[in-house]
Amino acid sequence: MDLTFSPQATAFRDELRAWIDTHHPGAAPEGEEASFAWRVAWQRALAADGWAAVHWPPEHGGRGATLVESAIFNEELARARVPQPANVLGLLLGGPTLMVHGSEEQKERFLSPIVTAEEIWCQGFSEPDAGSDLAALKTRAVKVDGGWRVTGQKVWTSYAHHAKWCMLVARSEPDSARHKGLTYFLMDMEQAEVVVRPLRQITGSAEFNELFLEEAWIPDENVVGGVGNGWRVALTTLMNERAGLAFGLQVALRALLDELTEVAAARGLLASESVAERLGDLHVRCELLRLTAYRGLTATMKYGQPGPEGSLTKWMWSDTNQRVSELAVELLGPGALATDSRWSFELLRARGNSIEGGTTEILKNIVAERVLGLPRLR
Amino acid sequence: MDLTFSPQATAFRDELRAWIDTHHPGAAPEGEEASFAWRVAWQRALAADGWAAVHWPPEHGGRGATLVESAIFNEELARARVPQPANVLGLLLGGPTLMVHGSEEQKERFLSPIVTAEEIWCQGFSEPDAGSDLAALKTRAVKVDGGWRVTGQKVWTSYAHHAKWCMLVARSEPDSARHKGLTYFLMDMEQAEVVVRPLRQITGSAEFNELFLEEAWIPDENVVGGVGNGWRVALTTLMNERAGLAFGLQVALRALLDELTEVAAARGLLASESVAERLGDLHVRCELLRLTAYRGLTATMKYGQPGPEGSLTKWMWSDTNQRVSELAVELLGPGALATDSRWSFELLRARGNSIEGGTTEILKNIVAERVLGLPRLR
Amino acid sequence: MHFDFTDDQREIRRTARELLAARSGFERVRAVAERDDGAYDEALWRELVELGWAGIALPEAVGGQGLGVLELAILLEELGYAVTPSPIFSNAAAGLLIDAAGSDAQREALLPGIASGEQTATVALARDGVAELVPDGDSARWIVLVEEGRAIVCDALAGGLEIAPRATIDPTRRYARVAVGPGALSLELERDVAAGLDRAEVALAAELCGLAERALVLTVAYVKERRQFGTPVGAFQAVSHRAAEMLLETEGARSATWFAAWAADAEPASLARGASLAKAAASDAGRHVTAAAIQLHGGIGFTWEADVHWLYKRAQVDAALLVPAARHRARVARLAVAAAAAPAAAGAAVA
Amino acid sequence: MHFDFTDDQREIRRTARELLAARSGFERVRAVAERDDGAYDEALWRELVELGWAGIALPEAVGGQGLGVLELAILLEELGYAVTPSPIFSNAAAGLLIDAAGSDAQREALLPGIASGEQTATVALARDGVAELVPDGDSARWIVLVEEGRAIVCDALAGGLEIAPRATIDPTRRYARVAVGPGALSLELERDVAAGLDRAEVALAAELCGLAERALVLTVAYVKERRQFGTPVGAFQAVSHRAAEMLLETEGARSATWFAAWAADAEPASLARGASLAKAAASDAGRHVTAAAIQLHGGIGFTWEADVHWLYKRAQVDAALLVPAARHRARVARLAVAAAAAPAAAGAAVA
């Protein structure tokens, strides 16, 4: 066991920190459009110096960063309070999925514009009736000459209104059941047959969208991993989803908790054992999350890919993140619920944590079945 | 809404208190046998003055007490720290079941010796493979001339080694499924074909027993409610089980919590907000339980019999009772875990609370299905 | 012992449930919440006033209906159930406090306007003369601020107060920050504040119970319909057991709140304990049950379009108003110690 | 960054797991627990001593193996996993404390006997010179009592101590009440006690992790086999999700405990935080996971015949020994405040 970073990893971190120091993009501008443009510029700055896709192999514009370096990358971004690159879904999900399942032509065509943010990606998996039960999806792809016509509805599609490409899973065999007969496509978002409607959340803002597809066109060459193989390809994407962002999220959580701790200390609240114990409880949870995530990293390095233990850290993170803003309101009083307080947004946004990217109920199923080997019901 | 007791109920309570004052049996003697004999004597004293079966109709030796008076009876016993009558299962479960489903001859034969503790009763429902899933029971009753021969195994049978009669549910139709083909019998425990073996618990003592039946004899006249009707009769018994003891248990819980509060206060621990909040949390839970139980009583009076809401109070009680001894150990330190401390026994015994008389998991099923009307799985 | 409502009380509940279903459905709640100024429905307010509900628990002598805190609690539970945008709660809570803590002269001066709804009032805890979040603080004529066991009534029309509307996560109610400046006109209530504050807490607890109840009702209906993995999701124990826990918390909170409301009217010696039980239980239930409702609605529950978030948001603010639950819990423990030290003549009530 | 054991560390784990499975199975645990005098298995103790485990984390200079707290934690996790009746924990915890807080002369005087297992030691917190529950307090030669930041080492052979064996809910280990009388011979450890006490906490946390791990293993095996309602009960989410929660707590506690053990050896500046994380997480995990194990075993789990209660009982006592979890949590918060106030040169470690 050695919980220090290697000289290389430390050098990586120091180089990154120094780079961020000189390239820090400052605070986000007001407004969703401006903010997204600012993140595109930020990604281009990262890409120009080889920082946009550190975990990708050098031949595709990455640095071939180790898992630890990737974790450090995400931690440092969060620590410096700079945003994720604009094309985070292409970088984390789309690119890695193509590297495993894509053809040479596809890699040639699609990878480079992901890194440069020339083409933004989004993910079209969930449907209104296929949320936790992804295999129930109904969007259908009908084979026509030279390609496919796709009709259906997708939901929870972040970045859809900025995206050029959508990772789309659709039912390519009519009346096929569950995981069978699905195909993974790359769909061009720039066509009239794709309508994007923002989906407003309880926070009041619209991070996500609905997609309405009416005979949307996808050429044959945009099938990834072969017709009918969509479930397997989608699993690769999902695996990367749970593994990728954990380190950044957890640093953001810790930053939030530190902020609460500072405010509480400044108000003299830590003199109360009750307050100190409750704050301490969250610090304990936060550290268990971080340590367990690093243990998972070692296991991933050993076994080649992230295991289902990632479900544990997603679950720990969402639970703890919800507790932080709840405790903030309890300690700081009703003023923390005013919209001019940073805690009120956090409180509302955190409610989504245990739903997005796998509900906690589904994560517990995964842990029970795949980690503990318990039987499935029926 | 009127949460005061009526003049009659208050008179009932005052009379009972005065009676207990003059008849208090003192502390229990050492040893299980002596202690049981002492409880038999206590029941006879109660019975002599008409206090043993207050909730029974006068013609069977009761007082026709209202539900509120019955609740007061159980509360006062717990408050005075006197034991339940020795034949508690006959009084609470057996007698009331017979009054609903028994023949006139059975009532004539069995009820009176229940009140006088001449004949102690026990309950033979659970089996090793039919715990929460009562309908899975396998003990079989084979029809022979003039009666039945019963073979099988029962478990969690309290009072079995003192009992004359056992409320026994057995499968009277071979190969019948689930709730069908069951019959409710009164089995004479005084026969060689019934072997009682004490079942030691994690506390070290043996409150319960296993019963081994090898062609045990039951005459036809000891069938209750008709052959094949056992499930319905058993439900009457179970309904009384959950409803009956609640008030006594909750007063005992409150007494335990008061004791902890006093000890904590005497040690000056309540100066800590943390301790006061944690103790207060348990007082809140305790009071919610008591108030909800009284609400249930009003509902029962209105609708004639206890509803599934009784599952809520059993669940609240077991949960809170477990928390009290756990908090005691946290506040009082390791000495509370020594066997010479009253908390150590409570801590261990309380673990059974969420298992005995319906596990919390089963109670949640009942609440979800019968109170909320949610669908059953499959 | 009769732990249920009388026919008259049931009638209040039925009337309120029907009126609010018709006049304050989610589409109306949404309309208010999405207005920039968050202005309430004036016609609804007049209707509530005409029913006498602004002064339901105030004495007839000052123009109230002369009913009890229990009747008010029944009404507020319904207003919570409907998440109605309305100053009824803040006005009633302040009225209870003034009625309990005001001198006869103060009561005669202030309560008639409150009872008639013509000059509404509100109440909040203050620190150094500042209350961060006062419900309806920008529309009330009388603002009662409680600080260190003293309550002052400020006249919003008399100047000297800084009143700044303040948006919160709960757009179904208006809030303001109120600071008492040097020139403010205020009078101090002359009698003990504790019992009045406890009555206000009971009112708050009642609204929280209604919010929890509605969240449970919406959730049960949703999980019976919503299918995943080939079955209604309500059949999965992960869902059904959580729903059972929602019921447990909701019903526990209602038991305590009704007890406290009854005690306020019929057994004041039990009010302090009752109010603390009620606020502790109801603020937990309100927050937990509405959060669980979002979770059990899944992704839908996280959308602005679904209505379950109005309940969650109101419950968060309600739970944070007046005295925090943690202090109520500590108080219950200390009351238990005090009761053990000086056992009163055994009360005649169930709890 | 390598957050896993080395091959050598795995070998310690494997050896301990196999030895204890063979020599300290539940039938042997039961035999000790059911003896009136609770005497340990002498032969097993000699075997452990011969493997050098009495002094595994003590320096070679005093006869120890010169390995780290991490290796000791691995061993204690296995001893917890097997609920082995043995003075290894108490002796090791006291050894760690003396090694950290003793002067060179004190270490040379006391540690050789502890490392060889010939003169065992134990440690407990005292109040006014009394420790209510000292593990192996009736057999240890040296009893270390920590009170208000001071640690004294008492010689049990020298008289002046009242040592009374005391039965607890955990019959798999011997305990005693120890009171320091006026004539007791004791010496005060000369260096700072905090780091030594933290190391002892890590040892305790490791045992708790092993108890939780075993409770989970037993439970998973049971719920796969046990059938009710026509299906293995482990298929019901009420069971499977609770088992998942058991895993979450167990793995979180192990992450923290291994980190703390590593910090004790390699990064002492992180020890205080690490030890508090470990004890807080492991005492919760130990108590919750073993309680859940009883629950998920149903009625069987409540019987003396099932073995799951040994784990529950040991976990209760372990969680209550040394500094309570609540104080560790408060300490973690205050350490965070201190760290924010004086940000050290950024550490090179993961946490």
Side-chain angles (χ1 to χ4, degrees), chain A residues 126-136 155-156 178 198-208 210 272 274-275 278 318 322 325-326 329-341 343-345 347-356 359-362 364-365 368 376-378, chain C residues 33-34 124-125 127 130-135 164 166-171 175-177 226-231 233 235-239 242 283 287-288 290-291 294-306 308-310 312-313 316-322 324-327 329-330:
Chain A
S126 291
E127 298 181 5
D129 290 328
S132 292
D133 184 13
L134 191 55
V155 74
W156 307 118
R178 309 284 306 158
L199 186 59
R200 200 171 172 204
Q201 299 156 245
I202 68 174
T203 55
S205 56
E207 274 172 63
F208 302 103
E210 294 175 291
S272 152
S274 168
V275 173
R278 291 161 85 193
S318 63
Q322 289 175 348
S325 46
E326 285 166 5
V329 174
E330 287 191 45
L331 298 188
L332 307 179
L337 292 163
T339 50
D340 56 21
S341 148
W343 300 105
S344 64
F345 175 83
L347 182 80
L348 296 178
R349 184 61 189 82
R351 287 260 60 91
N353 298 160
S354 50
I355 297 171
E356 60 197 324
T359 65
T360 298
E361 290 78 10
I362 293 292
K364 289 183 185 177
N365 281 349
R376 296 183 70 146
L377 206 48
R378 284 155 315 141
Chain C
E34 292 179 346
L125 299 196
R127 189 171 172 162
V130 178
E132 291 291 342
L133 215 61
V134 185
R166 199 167 182 204
T168 73
I169 62 167
D170 171 26
Y175 299 88
R177 181 180 187 277
R226 169 75 172 174
R227 298 177 71 88
Q228 295 269 274
F229 305 103
T231 187
V233 297
F236 292 109
Q237 285 177 325
V239 173
R242 183 112 188 234
S283 60
R287 292 179 306 131
H288 299 167
T290 57
I294 291 177
Q295 183 69 22
L296 295 190
H297 276 73
I300 301 293
F302 193 57
T303 63
W304 187 265
E305 275 174 68
V308 65
H309 65 111
W310 309 122
Y312 176 79
K313 290 166 173 176
Q316 300 304 314
V317 180
D318 277 358
L321 293 177
L322 301 183
R327 270 170 57 196
R329 276 195 211 93

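Every chain is numbered from 1 and lettered A, B, ... according to where its sequence line falls, protein lines coming before strand lines.
Of the possible polar contacts, one joining the A/Ser341 side chain to the A/Ala336 backbone as a donor-acceptor pair under 3.5 Å is found.
The part of A/Leu199 that comes within reach of chain C is its side chain, from C-beta onward, which places non-hydrogen atoms under 4.5 angstrom from that chain. For C/Gln237, no part lies near chain A; criterion is any non-hydrogen pair under 4.5 Å. Neither the backbone nor the side chain of C/Arg177 has a heavy atom closer than 4.5 Å to any heavy atom of chain A. Contact of C/Tyr175 with chain A is not made at all, since no heavy-atom distance falls under 4.5 Å. In this structure, no portion of A/Asn365 lies under 4.5 Å from any heavy atom of chain C. Proximity to chain C (any heavy atom under 4.5 Å) is shown, for A/Leu332, by neither the backbone nor the side chain. Only the side chain of A/Arg278 has a heavy atom closer than 4.5 Å to any heavy atom of chain C. Neither the backbone nor the side chain of C/Leu125 comes within contact range of chain A; no heavy atom of the residue lies under 4.5 Å from a heavy atom of that chain. If you measure heavy-atom distances from A/Glu330 to chain C, the contacts under 4.5 Å come from the side chain alone. C/Ala326 touches chain A through its side chain: at least one heavy atom from C-beta onward sits under 4.5 Å away, while N, CA, C and O do not.
With chain C as the partner, the residue from A/Thr360, A/Thr359, A/Leu348 showing the most heavy-atom pairs under 4.5 Å is A/Leu348. Note: A/Ser354 leads A/Ser354, A/Gly131, A/Ser344, A/Ala136 in heavy-atom pairs under 4.5 Å with chain C. Chain A forms the most heavy-atom pairs under 4.5 Å with one residue out of C/His309, C/Glu132, C/Arg242, and that residue is C/His309. Ranked by heavy-atom pairs under 4.5 Å with chain A, the list C/Ala238, C/Ala167, C/Gly301 is led by C/Ala167.
Note on ring orientation: taking the six-membered ring where Trp is involved, the planes of C/Trp310 and C/Trp304 are perpendicular (angle over 60°, cut-offs 30° and 60°).
Of the options A/Glu356, A/Gln322, A/Gln201, a side-chain hydrogen bond (donor to acceptor under 3.5 Å, both in side chains) to A/Arg351 is made by A/Gln322 and by none of the others.
By the 6.0 Å contact criterion, CD on C/Glu305 is open, its count of non-hydrogen atoms from other residues, nucleotides or ligands being 12 or less.
Here OG1 of A/Thr339 is found 8.0 Å from CZ of C/Arg166. Values are rounded to the nearest 0.5 Å. Rounding to the nearest 0.5 angstrom, the gap separating the CG atom in A/Leu337 from the CG atom in C/Leu133 is 7.0 Å. From C/Arg226, atom CZ reaches atom CG of C/Leu296 across 12.5 Å, with rounding to the nearest 0.5 Å. Rounding to the nearest 0.5 angstrom, the gap separating the OH atom in C/Tyr312 from the NE2 atom in C/His288 is 10.0 Å.
Remark: the C/Arg287 side chain and the C/Gln316 side chain contain no N/O donor-acceptor pair separated by less than 3.5 Å.
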